[in-house]
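These notes are about the structure you will find just below.
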Protein chains: 2
Amino acid sequence: MSLRHAILGLLTFQPMSGYALKTRYFDCSIAHFWPADQAQIYRTLQSLEAEGLAESHTVVGETRPNSRVYRITQAGQAALSEWLGVAQPLVTQKDSFLVQLYFGRLISRDQILAVLRARRAEHARLQDYYQRLDLPPGDSPMMRRQARFGGLTLDFARRRETMMLDWLDASIAEVEGWSEGQV
Amino acid sequence: MSLRHAILGLLTFQPMSGYALKTRYFDCSIAHFWPADQAQIYRTLQSLEAEGLAESHTVVGETRPNSRVYRITQAGQAALSEWLGVAQPLVTQKDSFLVQLYFGRLISRDQILAVLRARRAEHARLQDYYQRLDLPPGDSPMMRRQARFGGLTLDFARRRETMMLDWLDASIAEVEGWSEGQV
DNA sequence: CGCGAATATATGACAACACATATATGATTC
DNA sequence: GAATCATATATGTGTTGTCATATATTCGCG
């Protein structure tokens with residue numbers, strides 16, 4: 001249910017079209033911890049409207065194609081607040097890389113090291129991305145409050161990438177220490 | 001596709017029934033980073049057999065119900081090795097809690113603190129679980145090699161929980177420092 | 001003027017997954 | 001003897017998500 005509530009949350013910034021929501025808001029924030037493609041977002045907006053949590057009207061574009069601008073309703077705000085106040089159950093994070101590593105004994109030491117190093121490179125790239133990423137300072141009281149919470153989630157991403165790199169470095173060193181015959 | 005390969009991997013330990021696979025192996029290992037319910041595992045075993053990656057025969061149980069014992073085939077071993085050798089694409093980890101936190105400004109400081117503290121308690125429980133969890137020492141060369149790779153994934157889980165608790169403690173302290181009027 | 005890029009929305013098809021439920025056997029417990 | 005638990009497998013169904021594809025407009029470039 002997170003995508004529904006994430007979209008309702010973004011609509012609290014201002015009413016907007018699916019396109020603006022995805023390209024100007026979603027992809028720069030929520031997508032870092034709850035990615036979704038265009039089809040999913042458009043369908044979710046339709047479903048939100050069908051349930052009365054959002055409403056839309058067509059805006060005639062003079063310089064662009066017409067767009068359908070969505071606005072959160074009172075019912076939508078109530079549903080969002082309700083959801084935000086209840087602790088979500090902890091869900092096990094799925095990671096196919098850990099499945100690969102768990103069965104590392106089934107391939108050669110060089111092969112598993114190559115997979116580990118490729119993973120390290122990906123996370124180094126991500127760490128760099130999150131280090132450079134900075135949040136818009138906020139030009140209104142609302143956006144300044146928003147920036148604080150955005151800062152918490154960004155802090156999480158940075159800590160996670162640091163932890164990942166530490167663990168990958170330790171794992172690579174450990175596997176390198178295992179003689180080929182033992183692997 | 002991870003579940004398919006995880007199941008093939010478990011079948012390399014020994015041929016076994018869906019029930020044994022789930023309760024004696026899957027839930028104690030793979031489920032920590034790729035959970036799946038009974039229905040999903042049984043259907044995946046059927047699909048693996050349909051593709052020739054596993055084969056099964058019925059074992060008549062004298063003291064229990066009959067069971068269908070699956071064995072990995074040559075083709076299955078080949079498919080598994082193939083998959084293990086290729087680095088899987090990095091997938092964004094979805095976390096509904098981060099969605100909640102990102103929109104923390106929409107509820108009261110006390111409410112978001114309650115959600116943060118509930119999350120902290122969950123991760124403290126998980127950390128305790130992973131600290132106590134120890135892998136079977138391995139009674140054969142294969143299982144000793146297996147224990148090494150299992151150790152790497154366990155190390156990851158422990159580091160992740162430590163990072164989570166550090167971040168949650170820092171976030172709780174930070175939010176506590178924000179005056180209610182500002183939140 | 002044609003072409004591609006950016007803007008904008010929508011749907012079909014399928015895979016993966018979660019949750020519920022159905023069924024059956026044999027052992028243990030009260 | 002009835003109830004319950006552990007063992008064991010199977011399927012129905014709805015939701016979510018992914019990927020591909022279709023369609024339409026306007027702008028800028030060569």
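Each chain gets a letter, A, B and so on, in the order the sequences are listed, and its residues count up from 1.
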- Earlier contact from the 5' end, DNA chain D, for B/Pro65 and A/Pro65: B/Pro65
- Message: Which label fits B/Tyr25 and B/Phe13: parallel for a plane angle under 30°, tilted from 30 to 60°, or perpendicular past 60°?
- Response: tilted
- Query: Nearest-Å distance, NZ (A/Lys22) to C1' (C/dT9)?
  - Reply: 14 Å
- Protein-nucleotide distance (B/Ile41, atom CD1; D/dT9, atom C1'), rounded to Å: 13 Å
- Message: Within the 3.5 Å criterion, strictly below it, is a donor on A/Gln100 or A/Ser96 matched to an acceptor on the partner's side chain?
- Response: no
- Query: Taking the six-membered ring where the residue is Trp, are the ring centres of A/Phe156 and A/His32 under 6.0 Å apart?
  - Reply: no
- Message: Considering every strand and a 4.0 Å limit on heavy-atom distances, what is the contact class for A/Thr23: base, sugar-phosphate, or nothing?
- Response: nothing
- Message: Whether A/Arg4 contacts D/dT15 is assessed here as follows: a side-chain N or O lying under 4.0 Å from the phosphate OP1 or OP2. Is that the case?
- Response: no
- Message: Do B/Gln127 and B/Thr162 pair up side chain to side chain, a donor and an acceptor below 3.5 Å, judged on atom types alone?
- Response: yes
- Message: Less than 4.0 angstrom between a side-chain N/O of A/Tyr19 and OP1 or OP2 of C/dT7, yes or no?
- Response: yes
- Task: Among the candidates C/dA10, D/dC27, D/dT25, find the nucleotide nearest to the side-chain atoms of A/Thr63.
- Result: D/dC27
- Per-nucleotide protein contact string for nucleotides 17-22 of chain D, where B marks a base within reach and S marks sugar-phosphate only (heavy atoms under 4.0 Å, - for neither): BBBB--
- Grab the CG-P distance between A/Leu45 and C/dA10 for me, whole Å please. 9 Å
- Note on the structure: Taken to the nearest whole Å, CD/B/Gln46 to P/C/dA15 is 16 Å
- Message: Donor-acceptor pair, distance only, cut-off 3.5 Å: does the side chain of B/Gln111 make one with the backbone of B/Gly104?
- Response: no
- Separation of D/dT15 P from A/Glu51 CD (nearest whole Å): 10 Å
- In whole angstrom, give the distance that lies between atom CG of B/Asp27 and atom C1' of D/dA6. 15 Å
- For A/Leu48 and D/dT16, give me the distance from atom CG to atom P, rounded to whole Å. 11 Å
- May I ask you to evaluate whether A/Tyr42 reaches the phosphate of C/dA10, defined as a side-chain N or O under 4.0 Å from OP1 or OP2? no
- D/dT9 phosphate, OP1 or OP2, under 4.0 Å from B/Arg68 side-chain N/O: no
- Should the pair A/Asp95-B/Arg160 be classified as a salt bridge under the 4.0 Å nitrogen-to-oxygen rule? no
- Basic-acidic side-chain contact under 4.0 Å: B/Arg119, B/Glu122: no
